[in-house]
Amino acid sequence: MSAPFKRNQVLELTVEDLAFGGQGIARLNDFVIFFPRSGTPGQRVKVRIKRVKENYAEAQIESVLEKSPLEITAPCPYFNYCGGCRFQNLPYEQQIKFLERQVVELYRHLGGYRDVRIEPIIPADEIFRYRNKMEFAFSDKRWLVENDDLSRPIDFALGLRTPDNYYKAIDIDDCLIAPPETAEIIRIVREYARYNNLTPYNHRNHSGYLRHLVLRKGIFTDQIMVNLVTSADTPEVLEPLAHNLTQNLQNITSVVNTVTDNVCGTTTGKVIRLLAGQAFITDRIGDLTMKISPASFFQTNTRMAIKLYSVIKQFARPEPHHIIWDLFCGTGSIALFLANDCRQVVGFEVVADAVADAQENAQLNAIENASFIGANLERDFFAMPNSELNSLMPDIIIVDPPRTGLTPQLITTMLQILPSRIIYVSCNPATQVRDLQKFTADNLYQIIKVQPIDLFPHTPHIETVALLERNSTFNCT
């Protein structure tokens with residue numbers, strides 16, 4: 001079917017739905033039009049067609065002619081510019097409905113799984129101030145917003161990047177999904193940086209000093225880590241700032257400086273300097289106390305992580321004789337959450353600091369049947385000697401990969417091992433469905449059920465846990 005319009009044509013349309021990833025959807029003569037990163041169902045909008053493909057088009061919303069009856073006023077003053085909390089202008093119950101339908105559509109249409117049991121989404125307990133980690137960017141190019149304070153310098157910003165311009169940042173005062181102490185920390189860091197003429201990093205010519213401000217908080221311990229990411233290793237420049245921070249907020253227990261010369265926007269580096277306090281914070285997951293270092297992965301919504309891990313345990317059904325492998329284990333929280341219910345749990349992780357934290361977390365919680373191995377799961381999966389691995393072949397494998405999903409090599413290795421159950425945890429159900437098709441091919445595994453959990457309110461992201469069981473006609477012998 002040919003498109004009933006041309007590139008750059010201006011149209012008036014009604015936003016009908018939301019696609020996975022938060023894109024608005026409209027139709028003209030049954031031809032689908034997507035609005036990347038914009039659009040609220042029910043809005044009447046004026047749009048300009050930007051791209052025309054064989055089966056769909058992409059358009060940019062130029063103005064909203066009529067508000068959606070679903071819309072509410074977003075409480076964040078940066079809502080129209082940031083792009084992070086894309087659904088903040090929708091009631092939370094509506095957000096859940098759209099996300100739930102998107103997961104079902106992905107499984108049915110992308111994966112072809114029409115009979116898979118998809119449970120209702122487990123909603124978040126808190127929809128504001130829920131994140132335990134936030135990354136803010138410095139920029140020498142400030143993105144101006146409506147009613148912005150023009151007394152602030154145009155060549156300094158500390159905040160969040162805009163969706164359409166990586167080189168600029170909005171100079172924010174607070175973030176409503178970040179910890180409550182965020183506004184005060186941003187104020188102190190901004191004032192110190194400007195007073196001392198510390199230059200923000202420029203990603204075009206790779207110049208400047210200040211790159212990122214990363215905050216981490218132990219939700220159940222109240223401990224805060226402030227991580228200042230810079231391009232040069234000059235801790236003496238930041239030590240007075242570290243002192244100011246710990247004097248103003250008593251629950252800041254760690255201030256570190258990560259140094260990186262990487263040209264991309266990474267917040268990790270080869271050098272981490274301790275500026276004040278200790279080099280880590282702790283938090284709790286159920287009865288577990290967890291140590292968290294600057295580069296370690298830890299679920300960003302601690303309260304909902306407890307519910308997520310409970311679902312994983314329910315799906316895994318660990319028994320005293322079971323051996324469990326936890327791939328992409330981070331600081332070991334999932335593995336340790338299951339350790340008391342099985343014979344042995346083995347975690348695999350590429351980040352060395354996270355492996356060290358996981359090992360310390362096992363000792364901290366007096367768990368003796370957990371071991372953690374540094375392994376790049378894209379390449380050297382079998383990091384242990386084969387004789388030792390053979391004695392620890394898993395009955396259950398849990399995977400919680402990055403958004404990109406599993407590599408073909410790792411899937412092949414898992415299919416060679418053929419555990420009785422696989423629990424696939426994902427923050428990207430699209431790549432999850434893609435990978436599951438390889439496990440269910442040739443009737444090797446069957447998807448028993450899928451449980452979505454909202455760890456990221458106001459965003460297009462959703463965590464999904466899929467339970468796979470090996471069909472009885474296949475075994476490991």
Does F337 have K313 sitting over its ring (NZ/CZ under 6.0 Å from centre, angle to axis within 45°)?
yes
Classify the side-chain pair T260/N262 by whether it contains a donor and acceptor separated by less than 3.5 Å.
no
Determine whether a donor-acceptor pair (N or O, by modelled atom type, separation under 3.5 Å) exists between the side chain of R48 and the backbone of N8.
yes
Is the shortest side-chain heavy-atom distance between Q60 and R51 below 4.5 Å?
no
Distance in Å, F220 CZ paired with T282 OG1, rounded so as to fall on 0.5 Å steps
12.5 Å
Under 3.5 Å, is there a donor-acceptor pair linking the side chains of T234 and Y209?
yes
Heavy-atom pair of closest approach, residues A232 and N257:
O-OD1, 4.4 Å
Between S207 and N205, do the side chains contain an N or O donor and an N or O acceptor separated by less than 3.5 Å?
yes
Taking the six-membered ring of Y167 as reference, does the NZ or CZ atom of K141 fall below 6.0 Å from its centre and within a 45° cone about the axis?
no
Any side-chain donor paired with an acceptor under 3.5 Å for S293 and D353?
no
Examine F5 together with F31 and report whether their ring centres are nearer than 6.0 Å.
yes
Compare all side-chain heavy atoms of V45 with those of L65 and state whether any distance is below 4.5 angstrom.
no
Take D148 and R142, measure what salt bridge (Lys or Arg N to Asp or Glu O under 4.0 Å) needs, and give me the verdict at the end.
CA-CA 11 Å; D148 212 336; R142 178 171 148 225; 3.0 Å; yes
Distance under 6.0 Å and angle within 45° of the ring axis: does R190 meet both against F156?
no
No-hydrogen, no-angle side-chain donor-acceptor test under 3.5 Å, T302 and N132
yes
Search all heavy atoms of N29 against all heavy atoms of P4 and return the closest pair with its distance.
ND2-CB, 3.7 Å
Specify the closest pair of heavy atoms between L241 and V189, including all atoms of both residues, with the distance to one decimal.
CD1-CA, 4.1 Å
Taken to the nearest 0.5 Å, the spacing of D30 CG from R27 CZ works out to 8.0 Å
All heavy atoms of T258 vs all of G269, minimum pair found to be CG2-N, 3.4 Å
Close side-chain approach of L90 to L18, heavy-atom, < 4.5 Å
yes
Contact between E239 and H243 at the side-chain level, heavy atoms closer than 4.5 Å - yes or no?
no
Regarding D357 and S296, do their side chains bring together a donor and an acceptor under 3.5 Å, going by distance alone?
yes
To the nearest 0.5 Å, what is the distance between CD1 (I453) and CD (E119)?
11.0 Å
Intermediate values then yes/no, side chain to side chain contact (heavy atoms under 4.5 Å, CB included), Q299 and M304:
CA-CA 9 Å; Q299 289 289 345; M304 292 306 293; over 6 Å; no
To the nearest 0.5 Å, how far apart are SG in C76 and OH in Y78?
7.0 Å
Can a side-chain donor-acceptor contact be found between T14 and R44 if the only test is distance below 3.5 angstrom?
yes
Salt bridge (Lys or Arg N to Asp or Glu O under 4.0 Å) for K291 and E360? Distances and angles first, verdict last.
CA-CA 7 Å; K291 175 185 173 184; E360 288 192 39; 2.8 Å; yes
Indicate whether the side chain of Y201 and that of S231 have a donor and an acceptor atom separated by less than 3.5 Å.
no
Hey, would you say the Y81 and W143 ring centroids sit under 6.0 Å apart?
no
